[in-house]
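Okay, here's the structure, questions in a sec.
Quick note: numbers below take in every heavy atom, side chains included, and nothing from hydrogens, waters or symmetry partners.
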Amino acid sequence: MAEEAGADADDACVWAERLGWAFGLIAEDPAARGAALVHLVEAQRKVTDALARSNEMWLLTRPLGADEQYREPAFLQARRRHQQAQRRSLPDGVWGGPVGRDLATWPGLPYVLLFLEWEARYPLEWTQHAKAWGTKQRLIREVARARHEETIKAKLTDLVEVVVQRAYRCKDREYVRVARAVDSADLRARLDRAADSDSPWARCHAGYVLWLLDRPDLPNTRRVWRTWVAGEAATLL
């Protein structure tokens, strides 16, 4: 089976069969999102059950010794079923990456972008059902490093615009990497509008990103961010 070869080796059809339902998580229709969330809860339950079975088999086969244990068919089957369940769930399904392949042409990329868009547009649902700050940070960094075609750049531009207009969430500062990677007149125009809006969060976030776009050599560190936020807060006093 393709799943046994590793998710990084699967083609677009296998990914769609496994995680195509997850696009409902970013649907505008609340009913569609609700159905996708029900699917996700069930997928996560299967992961939990499969992990419990894998751990049980690990304990039962432990007396065999490490070498024999990892050749024991029952233990191997339990581990394989756990891995297969993970690949059909989130956030587990977007862990890992394209081993030895270009992220921009990897069939898993649409699901990476889906996971990030879900967090950006529906943060409360994401937090309740699939909170994974480390995964969010790693995925943002990976997409920022890759060389993308224009359609993907447009999607990433949309993500930056959405993120800068909301209250700051953990790891949002990482989107500066994406903004620098897809810098364009269109992105700057959107950031300018956000920086001139009535929202203090949008003014702060968008202003910070624009400021760093004009200073490509300045590191996007926590200290730089805090200094910027302190300066923005001072203007409100």
Considering only residues two or more places apart or on different chains, which pairs with a residue in residues 133-166 satisfy ring pair (Phe, Tyr, Trp, His ring centres under 6.0 Å)? W126-W133

Under the side chain to side chain donor-acceptor pair (under 3.5 Å) test, which residues partner E28, sequence neighbours left out? none

Would a hydrophobic clustering, with Ile, Leu, Val, Met, Phe, Trp and Tyr connected at side-chain separations under 4.5 Å, put L187 with L218? yes

Which residues pass the side-chain contact (heavy atoms from CB on, under 4.5 Å) test with A194, sequence neighbours left out? V164, Q165, A202, A206

Out of V163, N220, I140, which one pairs with R173 under the side chain to side chain contact (heavy atoms under 4.5 Å, CB included) rule? N220

Please list, chain by chain and in numerical order, all residues satisfying salt bridge (charged side-chain N to carboxylate O under 4.0 Å, His left out) with E161, sequence neighbours excluded. R190

Set of side chain to side chain donor-acceptor pair (under 3.5 Å) partners for T127, sequence neighbours left out: R169

Checking D214 now: which residues fulfil side chain to side chain donor-acceptor pair (under 3.5 Å) with it, not counting sequence neighbours? R188

Other than F75, which residues form its hydrophobic cluster under the rule that side-chain heavy atoms must be closer than 4.5 Å? M57, W58, L59, L60, Y70

Could I get the full list of side-chain contact (heavy atoms from CB on, under 4.5 Å) partners for A27, not counting sequence neighbours? A32, R33

Residues that Y111 engages under ring pair (Phe, Tyr, Trp, His ring centres under 6.0 Å), provided they are two or more places apart: W15, F23

Test: ring pair (Phe, Tyr, Trp, His ring centres under 6.0 Å). Region: residues 30-55. Which pairs qualify, not counting sequence neighbours? W21-H39

Could you tell me which residues satisfy side chain to side chain donor-acceptor pair (under 3.5 Å) with K171, sequence neighbours excluded, listed by chain and number? none

Just to verify, what does Q77 make a side-chain contact (heavy atoms from CB on, under 4.5 Å) with, not counting sequence neighbours? R80, R81

